[in-house]
Amino acid sequence: MARRANPEYKPLLYTTTMRNPGRLKFMLYVLNKFEGHILDDELATKICGETIRYGLYRPMKKMLSVQNKWESSDQGEFSEYLLTDEEVALMLRNNPQSHKEAGFAKGWPSRFATIYDLTKELGLAYFWPEEPIVISPLAHHLLKTFEVEIEADSGFMSYEITHPEYEQQVFMQALAKSQRRNPFVRVLNDNIPLVLLLETIQKLNADSRQNGCGMLRRELPLLIFWKDNNAEALYQRIVKLRKEHGYDPSDEVICDICIKEIMEGSFKDFKLKSIVDEYPDEFIRKMRMTGLFSLRGAGHFIDINKNESEKVDYILSNYSHYKHFDDEREYFDYMAELDTNLIQITSHAPSENASEKLLDNWLRVYNWSIIKKELTNLAAKKSSTDNVLKLLAAPTRLEFLTALAIRCKMPDVRVVPNYSCDDEGLPTSTAGGNKGDIECYEQQNGVLVEVTMALGRTQTMMEVWPIERHLTDFQKRQKSQCIFVAPSIYSDSERQIQFITFNSKGEKKIRPYDIEHLLIYLENSPSLFEYTIASLFDSSRLVSRADELMSENNGIDILTLSRKLQEDFGQEYGSMSVRQWYVVTREYVERQTMRYDIQDNEPVMWMVAEDTPWKRI
């Protein structure tokens, strides 16, 4: 079953072999439904249809109904609504495939092989015609990263990433074992890139003549083209490069070393920009998925993450020396084993104080102008060109930039992000599903900040209910409210948030902001905690006091009631003006009396009993 292409030396091109590994978990969710089934052309086509049903694979020709279901999500991610059986059948029929893979029939069966090809090489799934589909223990661990809910009637689907650390564990193990020369790709380069990188960095950092910051980003092409696993030789070549050109070699120098020296002129089809920019960027993205690496010097160096030194030692002890494989199934079985010893090693997370200091360090790199620009780009779904930020996935980047924005504009607020980070404070993954994204502390009050890139109904289902749970837990520690941030706020999300506030009698205050209005708020507001109310109904204490004042005086006018409420609660709601107190007081009195023509100085009464509108909530 080995491929017949003649092996040759090639650079490591993650841009083609592993373009979007973060989406493999969703593809495996579909394939997992067919675990143990015997693969034939019909089943391969059916599985392709299921990837289309879930919006993971999206052919070009599509009906309007399909386009509408896919418009709020990207290819490779779950769509909001599943396609019907009829829509799936039409999509398969209207998009015939001319693709051909060795061992698979031309058309959709070969497309299936292409879609799931990488899962075999990483030890996640194995398949071959007339054999049962195998889902490995490693893949089952990856599938525990998220939870999916589907409404049977409407086909609406939502998912929540509950354990991002599982995905990091899976890719750490997979890349710690992944050999360049393996029976799936058939290249002559003989190394494990992750291990070669770790060993080379260790040698550079042990050399007192070097700066101790790891490997220069501009030096990575040497590793990407390197032919063997000789870390000592690679280290010596980098030292020679630094001696001749310092830490700023030209693009042409790097290209000459890769093409003329390492490849001995045999690599002809290349672009300078690809070698010095695109290949290294993709390499760093994949290496950082393991959590083992930090970026130093504003992204100019890649180094070993000191928080993960125990995992690094384990990997180098267990995977530096490896067996070669000629058979695809044997190599898959080797990759598929779940190394429980490795994934059980705990990370050394920074303390809250250390986390704050690391965040402040990044404010020396990114000022308000840059932060605002990058957040605005996220809102418009534009990519970043910054050397560091472009390496972060959009959800992770949003958490990081939001934390920076708050800290930048409100330096007296303690900002404690819950995302996993390296020893430089740069996120390696988003916060887990069992806690809020960013915890902020302002004087005696807390503000829980939740962020998402989700849009549409998915935003409501994936985010609002978990936010309520997180806020409930956060409020056990101190008086708290929540800020919810997204590129745009879906109307259903706003209604759901209003219901939560109303149903909790104002005790659970969630303030939704799209990114644009969050920036405006931070630029113009004196505090993160909002010391205002939109209605007296937001606080049961205000309602009780208003009713009490009315009863004590056998009726009360709006101006007097407004003044007395401000006297009693003005310190607590210090951001509210006299006008705001008047507005919320008038609104309350009008609703309680069911009169909307009351004069400001006209004493009025209303019923205070168990059947009042507030008591009935």
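What you are looking at is a predicted structure, and each value in this text was computed from that prediction instead of being measured.
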[X] atom [atom1]: more than 12 heavy-atom contacts under 6.0 Å:
{"X": "Lys479", "atom1": "NZ", "value": "yes"}
{"X": "Lys61", "atom1": "NZ", "value": "no"}
{"X": "Lys33", "atom1": "NZ", "value": "yes"}

Below 4.5 Å, heavy atoms only, C-beta onward: do [X] and [Y] meet side chain to side chain?
{"X": "Leu13", "Y": "Tyr279", "value": "yes"}
{"X": "Leu518", "Y": "Thr402", "value": "yes"}
{"X": "Met91", "Y": "Arg53", "value": "no"}
{"X": "Glu442", "Y": "Ile406", "value": "no"}
{"X": "Arg288", "Y": "Leu392", "value": "yes"}
{"X": "Lys390", "Y": "Thr385", "value": "no"}
{"X": "Asn305", "Y": "Glu308", "value": "yes"}
{"X": "Ile371", "Y": "Cys408", "value": "yes"}

[X] and [Y]: side-chain donor and acceptor closer than 3.5 Å?
{"X": "Gln478", "Y": "Asn445", "answer": "no"}
{"X": "Ser347", "Y": "Lys311", "answer": "yes"}
{"X": "Ser480", "Y": "Gln475", "answer": "no"}
{"X": "Glu278", "Y": "Ser274", "answer": "yes"}
{"X": "Glu167", "Y": "Thr145", "answer": "no"}
{"X": "Glu399", "Y": "Thr396", "answer": "no"}
{"X": "Thr501", "Y": "Lys508", "answer": "no"}
{"X": "Ser535", "Y": "Glu587", "answer": "yes"}
{"X": "Trp368", "Y": "Glu523", "answer": "yes"}
{"X": "Arg58", "Y": "Ser73", "answer": "yes"}
{"X": "His470", "Y": "Asp473", "answer": "no"}
{"X": "Arg111", "Y": "Gln97", "answer": "yes"}
{"X": "Ser178", "Y": "Glu121", "answer": "no"}
{"X": "Gln168", "Y": "Tyr166", "answer": "no"}
{"X": "Ser294", "Y": "Asp303", "answer": "no"}

Item to complete: Return the orientation label for the Trp362 and Tyr366 ring planes: parallel under 30°, perpendicular over 60°, tilted otherwise.
Response: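 Parallel.
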
Item to complete: Run the numbers on Asp492 and Arg495 for salt bridge (Lys or Arg N to Asp or Glu O under 4.0 Å), then give the verdict.
Response: CA-CA 5 Å; Asp492 282 1; Arg495 283 192 288 271; 2.2 Å; yes

Worksheet entry | Quiz item: cation-pi between Arg457 and Phe156, 6.0 Å / 45° |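 Arg457 over Phe156 ring: yes.
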
Pair [X] and [Y], ring centroids less than 6.0 Å apart:
{"X": "Tyr513", "Y": "Phe484", "answer": "no"}
{"X": "Tyr54", "Y": "Tyr81", "answer": "no"}
{"X": "Tyr159", "Y": "Tyr29", "answer": "no"}
{"X": "Tyr116", "Y": "Phe112", "answer": "yes"}

Minimum heavy-atom separation for [X] to [Y], with atom names?
{"X": "Pro512", "Y": "Ile497", "value": "CB-CD1, 3.8 Å"}
{"X": "Leu124", "Y": "Ala139", "value": "O-CB, 3.1 Å"}
{"X": "Leu471", "Y": "Leu448", "value": "N-CD2, 3.8 Å"}

Worksheet item: Side chain of Arg218, backbone of Phe301: donor and acceptor closer than 3.5 Å?
Response: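 No; zero donor-acceptor contacts below 3.5 Å.
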
Would you compute the distance between atom [atom1] of [X] and atom [atom2] of [Y] and round it to the nearest 0.5 angstrom?
{"X": "Asn524", "Y": "Leu519", "atom1": "CG", "atom2": "CG", "result": "10.5 Å"}
{"X": "Leu142", "Y": "Phe171", "atom1": "CG", "atom2": "CZ", "result": "6.0 Å"}
{"X": "Ile500", "Y": "Ile467", "atom1": "CD1", "atom2": "CD1", "result": "8.0 Å"}
{"X": "Gln580", "Y": "Thr585", "atom1": "CD", "atom2": "OG1", "result": "11.5 Å"}
{"X": "Ser488", "Y": "Leu455", "atom1": "OG", "atom2": "CG", "result": "4.5 Å"}
{"X": "Asp423", "Y": "Ile304", "atom1": "CG", "atom2": "CD1", "result": "10.0 Å"}

Discussion item. For Ile284 and Leu295: C-alpha separation, side-chain torsions, deciding distance, then whether side chain to side chain contact (heavy atoms under 4.5 Å, CB included) applies.
Written reply: CA-CA 9 Å; Ile284 293 173; Leu295 296 178; 4.0 Å; yes

Worksheet item: Are any of the side-chain nitrogens in Glu87 or Lys62 under 4.0 Å away from the carboxylate oxygens of its partner?
Response: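 Judged by the 4.0 Å cut-off on N to carboxylate O distance, Glu87 and Lys62 do not form a salt bridge.
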
Discussion item. If you apply the rule side chain to side chain contact (heavy atoms under 4.5 Å, CB included), what do you find for Ile483 with Glu450, and how did you get there?
Written reply: CA-CA 6 Å; Ile483 289 177; Glu450 299 273 16; over 6 Å; no

Discussion item. Does Glu424 form a side chain to side chain contact (heavy atoms under 4.5 Å, CB included) with Asn361? I'd like the steps, not just the answer.
Written reply: CA-CA 8 Å; Glu424 293 278 344; Asn361 289 341; 6.0 Å; no

Item to complete: Begin with the C-alpha distance, continue with both residues' side-chain angles, and end with the deciding distance and a verdict on side chain to side chain contact (heavy atoms under 4.5 Å, CB included) for Tyr531 and Met576.
Response: CA-CA 7 Å; Tyr531 298 90; Met576 291 182 64; over 6 Å; no

Fill in: Verdict with supporting geometry, Arg217 and Asp281, salt bridge (Lys or Arg N to Asp or Glu O under 4.0 Å)
CA-CA 8 Å; Arg217 179 197 290 253; Asp281 283 352; 2.6 Å; yes

Discussion item. Set out, in order, the CA-CA distance, both residues' side-chain angles and the distance that settles salt bridge (Lys or Arg N to Asp or Glu O under 4.0 Å) for Glu439 and Arg477, then state yes or no.
Written reply: CA-CA 11 Å; Glu439 297 176 6; Arg477 299 184 233 165; 3.1 Å; yes

